[in-house]
There are 2 protein chains.
Amino acid sequence: MGLRELKRERTRRLIADKAFELFTDHGFGRTTVEQIAAAAEVGPSTLYRYFPTKETLVLEFVEDCLLGAVAWFREQPEVELPDGLQSVIERVLEQLDGNPVRVRAVFDLAAQTASVSAHLNEMTWRFRNELTDELVRRLAGDDPQDAEFTAALAAGIAMNIIETVVRSWVENPDGAEVKELARRAMTLLRGGGIPLPTAGVPGS
Amino acid sequence: MGLRELKRERTRRLIADKAFELFTDHGFGRTTVEQIAAAAEVGPSTLYRYFPTKETLVLEFVEDCLLGAVAWFREQPEVELPDGLQSVIERVLEQLDGNPVRVRAVFDLAAQTASVSAHLNEMTWRFRNELTDELVRRLAGDDPQDAEFTAALAAGIAMNIIETVVRSWVENPDGAEVKELARRAMTLLRGGGIPLPTAGVPGS
DNA sequence: CCAGATTTTGGCAGTGACTACCGTATGGCA
DNA sequence: TGCCATACGGTAGTCACTGCCAAAATCTGG
């Protein structure tokens, strides 16, 4: 690796770290990109070359967790589906679990600022889309239309588990561990502990 | 109702309609709020008094569908849970189904513009939160911690069904009807047609 | 019908995110 | 060392959005 890419990685990290620092100290809305650029000792245009929006400065970490897990899943074509889904979920949760400070800060910022929350949601949507595509590929044996439908539902459930577990974990830090929460969610889903809507004929 | 509220409603509608018109004609990004204000023959400050952000001009309709269904659900405390969930889902889908042009336009705009997509996701998140709260209230008999968890999963599944059905409906207009799609999703979920993650001990 | 209280409105000035562009500096390579 | 590609900083500009204030429209009591 050349000196160029090294410095690029370094400035990128520097900007992200300074931004994170300023956000947690003064809040997302009260921090301007010029302040971040100044703190990282670069020009605003340089900052925008690395991070297209202010929100990406906060959420790159989450993005890497989610999309990285899908990328990993794509490269394990021999794994059976239910186990594969579980692995994806566990992979994401493990990485988030490994950096609780960052996760907590991200949640705080998202709770304060609508645009961060919106960006976070968009990221989960991208995760769902990519996971759906990969699931469709693996369900190709079935009727293609139905495969798309089934895959979308399965991916949504996976994302749902992740969101619910992380949320529960963030909201009561003294509760169960992430792995335990994930297992409980899966057991509830499989065991019928969730009040699913009935498929019968509607009343009206 | 006085003249004041009448004119207020009228201006509100006028602004929203003109905005919708301009968005579908020229795209979301290529339409400025000043253009919308000019088309509706009001000042920009007036527009901002009615709609806090540019995105709300597009998504108010969806918001009404989602949050309206939850509000309705809140006022039906005697309904049993699975049937209630199904009613909420059907209520949302019926309203969306009743205005396909608007739904299609919203999806097109969301596909084009990240900020619209983000806002749309934030709205579904709000729906999930409110639905979760109401479910928690009805699951009060159970262990409270577990109730929160179960409710969040159930609300997520409900939202998941709605998203998947609407998406499938929008993407192939000649396919099955919304009601049929919803029934299929629920049958898949109940009948175990979805590859759920296993709850067993992880491999590693 | 009219004066006064209240609400709504439009314009104006300003902030800040984000874009396009351009001359310059710096690392990579022959 | 000299050439090329890339990265950088700065400038000017657009646009979403916010506060503020004076004027117009609406409601209310006489």
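Reckoned from all heavy atoms, side chains included, excluding hydrogens, waters and symmetry mates. It should be emphasised that the depicted structure is a prediction, and the values quoted were computed from it without experimental measurement. Naming convention: chains lettered A, B, ... in sequence-line order (proteins, then strands); numbering from 1 in each chain.
Applying the 4.0 Å criterion to OP1 and OP2 of C:dT8, one finds that B:Y50 has every side-chain N and O outside that range.
Rounded to whole Å, the distance from CG on B:L47 to C1' on C:dG11 is 15 Å. Put simply, OH on A:Y48 is 16 Å from C1' on C:dC21, counting in whole angstrom units. Taking atom NZ on B:K54 and atom P on D:dC17, their separation rounds to 8 Å, with Å as the unit. At whole-Å resolution of the value, CZ in B:R8 and C1' in C:dT6 are 13 Å apart.
Residues B:L96 and B:V178 have side chains not in contact (no heavy-atom distance under 4.5 Å, counting atoms from C-beta outward). Two residues are said to be in side-chain contact when any heavy atoms from C-beta on lie closer than 4.5 Å; A:F127 and A:V88 meet this criterion. Residues A:L120 and B:W125 fail the side-chain proximity criterion, which asks for heavy atoms closer than 4.5 Å. You'll find the side chain of B:Q95 stays beyond 4.5 Å of the side chain of B:F61, heavy atoms only. Under the 4.5 Å side-chain criterion, counting only non-hydrogen atoms from C-beta, B:E94 is in contact with B:K179.
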Legend entry - Audit row: A:R184, B:D146, salt bridge (Lys or Arg N to Asp or Glu O under 4.0 Å) steps and yes/no: CA-CA 9 Å; A:R184 204 193 304 174; B:D146 226 44; 3.1 Å; yes
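Residues in residues 103-120 of chain A take part in these side chain to side chain donor-acceptor pair (under 3.5 Å) pairs, two or more places apart or across chains: A:E55-A:S115.
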Output side-chain donor-acceptor pairs under 3.5 Å for residues 131-141 of chain B, partner residues at least two apart or in another chain, one line each.
from, atom 1, to, atom 2, distance (Å)
B:T132, OG1, B:R128, O, 2.6
B:E134, OE1, B:R137, NH1, 2.6
B:E134, OE2, B:R138, NE, 3.0
B:E134, OE2, B:R138, NH2, 3.3
B:R138, NH1, B:Q76, O, 3.2
B:R138, NH1, B:V79, O, 3.3
B:R138, NH2, B:F73, O, 2.7
B:R138, NH2, B:Q76, O, 3.1

For residues 17-29 of chain B, which side-chain N or O atoms pair as donor and acceptor with protein atoms under 3.5 Å away, sequence neighbours left out?
from, atom 1, to, atom 2, distance (Å)
B:T24, OG1, B:F20, O, 2.9
B:T24, OG1, B:E21, O, 2.9

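Considering CD of B:E130 and CG of B:L66, their distance stands at 10.0 Å, rounded to 0.5 Å.
In this structure, B:R167 forms no cation-pi arrangement with A:F149, as its terminal cationic atom is not both closer than 6.0 Å to the ring centre and no more than 45° off the ring axis.
Listed by residue number, there are no residues of residues 109-126 of chain A with a heavy-atom contact under 4.0 Å to DNA chain D. Taking a 4.0 Å limit (strictly below) on heavy-atom distances, residues 12-43 of chain A reaches DNA chain D at A:E41, A:V42, A:G43.
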Inset, instruction - Spell out protein contact along nucleotides 20-30 of chain D as letters: B when the base is contacted, S when just the sugar-phosphate is, - when no protein heavy atom is under 4.0 Å; keep the 5' to 3' order. - result: -----BBS---
